[in-house]
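For clarity, every value in this text was computed on a predicted model and none was experimentally measured.
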Amino acid sequence: MKTSSGVEGIARIEIQKRIDLIQIIIYMGFPKILIESRPRGIEELQMNLQKEFHSVNRKLNIAITRIEKPYGNPNILAEFIAGQLKNRVSFRKAMKKAIELTEQADTKGIQVQIAGRIDGKEIARVEWIREGRVPLQTIRAKIDYCSYTVRTIYGVLGIKIWIFIDGE
């Protein structure tokens, strides 16, 4: 999910509506980025959401929660790879670095796929790397998935990430 504020590192957003309260919980990998980049960013966000929800008589509560292992989340990992590809880092190097970061987050396996005009080649292709187990055919397997598009100078690339989490 891309936000209009341009803040990266957001894994997911939960909105809980009650009769007199709207609670928004933002799960971030790196909350310091949001706080340090704009000191009044949270107040601006609160004012914009108040207008968006048309909540005159409801209280709006925003909570920012830090994720313990941010690179175990496919959204944050996709944003990392997208940043690397925009800076013209080799796609294979970016994928291997992402896999290396994910292995530190105690996952069973990861699969990363990049599709499009990779490295500016004329013919688009699909490249993927898998590390560990990623049982896509098993229904009970707990797999986090993310699909992300990134605009580079060569065109649009698609990034797909599957992360197999040990789900007992």
Side-chain angles (χ1 to χ4, degrees), residues 1-15 24-38 41 44-45 48-49 52 64-167:
M1 172 187 214
K2 292 191 179 182
T3 56
S4 61
S5 64
V7 176
E8 292 184 347
I10 296 176
R12 70 180 194 271
I13 299 171
E14 285 182 9
I15 301 173
I24 298 169
I25 304 168
I26 302 172
Y27 292 92
M28 292 187 75
F30 313 103
K32 288 181 183 174
I33 295 171
L34 176 67
I35 296 163
E36 289 175 1
S37 64
R38 289 186 298 183
E44 284 177 31
L45 179 67
N48 291 341
L49 289 172
E52 198 70 34
I64 297 174
T65 308
R66 185 177 176 275
I67 299 173
E68 283 300 313
K69 296 173 181 163
Y71 291 114
N73 188 289
N75 295 343
I76 296 171
L77 208 60
E79 287 176 356
F80 169 77
I81 294 173
Q84 295 283 310
L85 293 174
K86 280 184 179 177
N87 293 336
R88 296 192 195 175
V89 174
S90 165
F91 76 95
R92 195 161 275 124
K93 195 178 219 178
M95 288 198 301
K96 285 182 180 175
K97 180 68 176 166
I99 288 173
E100 191 179 297
L101 288 169
T102 308
E103 285 174 349
Q104 297 168 1
D106 297 332
T107 56
K108 287 269 189 160
I110 178 172
Q111 181 173 331
V112 179
Q113 175 182 307
I114 299 177
R117 289 186 57 189
I118 299 170
D119 289 338
K121 298 281 196 298
E122 286 206 15
I123 295 177
R125 64 184 201 273
V126 177
E127 293 282 336
W128 59 273
I129 294 179
R130 183 187 304 133
E131 191 72 37
R133 288 181 55 218
V134 185
L136 297 177
Q137 298 294 314
T138 308
I139 294 172
R140 281 196 341 213
K142 176 136 175 48
I143 294 179
D144 271 358
Y145 169 77
C146 176
S147 176
Y148 196 87
T149 56
V150 56
R151 298 179 76 99
T152 63
I153 58 166
Y154 308 119
V156 178
L157 295 178
I159 301 170
K160 290 183 180 177
I161 298 177
W162 295 266
I163 296 179
F164 178 42
I165 302 165
D166 188 20

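- Legend: residues meeting ring pair (Phe, Tyr, Trp, His ring centres under 6.0 Å) with Y145, ordered by chain and number and at least two apart, are W162.
- Among residues two or more places apart in sequence or in another chain, the side chain to side chain donor-acceptor pair (under 3.5 Å) test is passed with R66 by none.
- Side-chain contact check for I76 versus I67: some heavy-atom pair is nearer than 4.5 Å.
- Residues P135 and I143 come closest through the heavy atom pair O-CD1, 3.4 Å.
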* To do: Could you walk me through whether I10 and N75 pass side-chain contact (heavy atoms from CB on, under 4.5 Å), step by step?
  => CA-CA 8 Å; I10 296 176; N75 295 343; over 6 Å; no

* Asked: Under the side-chain contact (heavy atoms from CB on, under 4.5 Å) criterion, do I153 and R88 qualify, and how do the steps go?
  -> CA-CA 9 Å; I153 58 166; R88 296 192 195 175; 2.9 Å; yes

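- With sequence neighbours left out, the side chain to side chain donor-acceptor pair (under 3.5 Å) criterion links K69 to D106.
- Under the rule for a salt bridge (Lys or Arg N to Asp or Glu O under 4.0 Å), the partners of K97 that lie at least two apart in sequence or sit in another chain are E100.
- Checked against side chain to side chain donor-acceptor pair (under 3.5 Å), Q111 has the following partners two or more places apart in sequence or in another chain: R130.
- Here R133 pairs with nothing under the salt bridge (Lys or Arg N to Asp or Glu O under 4.0 Å) rule; sequence neighbours left out.
- Side-chain atoms of F91 and D119, non-hydrogen and from C-beta on, do get closer than 4.5 Å to each other.
- Residues Y71 and A105 come closest through the heavy atom pair C-CB, 4.2 Å.
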* Report the C-alpha separation of I161 and T102 in whole Å, then their side-chain angles, then the decisive distance to 0.1 Å, and conclude whether the side-chain contact (heavy atoms from CB on, under 4.5 Å) test is met. => CA-CA 11 Å; I161 298 177; T102 308; over 6 Å; no

Side-chain donor/acceptor pairs under 3.5 Å, residues 121-129, sequence neighbours excluded:
{"from": "R125", "atom 1": "NE", "to": "E127", "atom 2": "OE2", "distance (Å)": "3.0"}
{"from": "E127", "atom 1": "OE1", "to": "R92", "atom 2": "NH2", "distance (Å)": "3.0"}

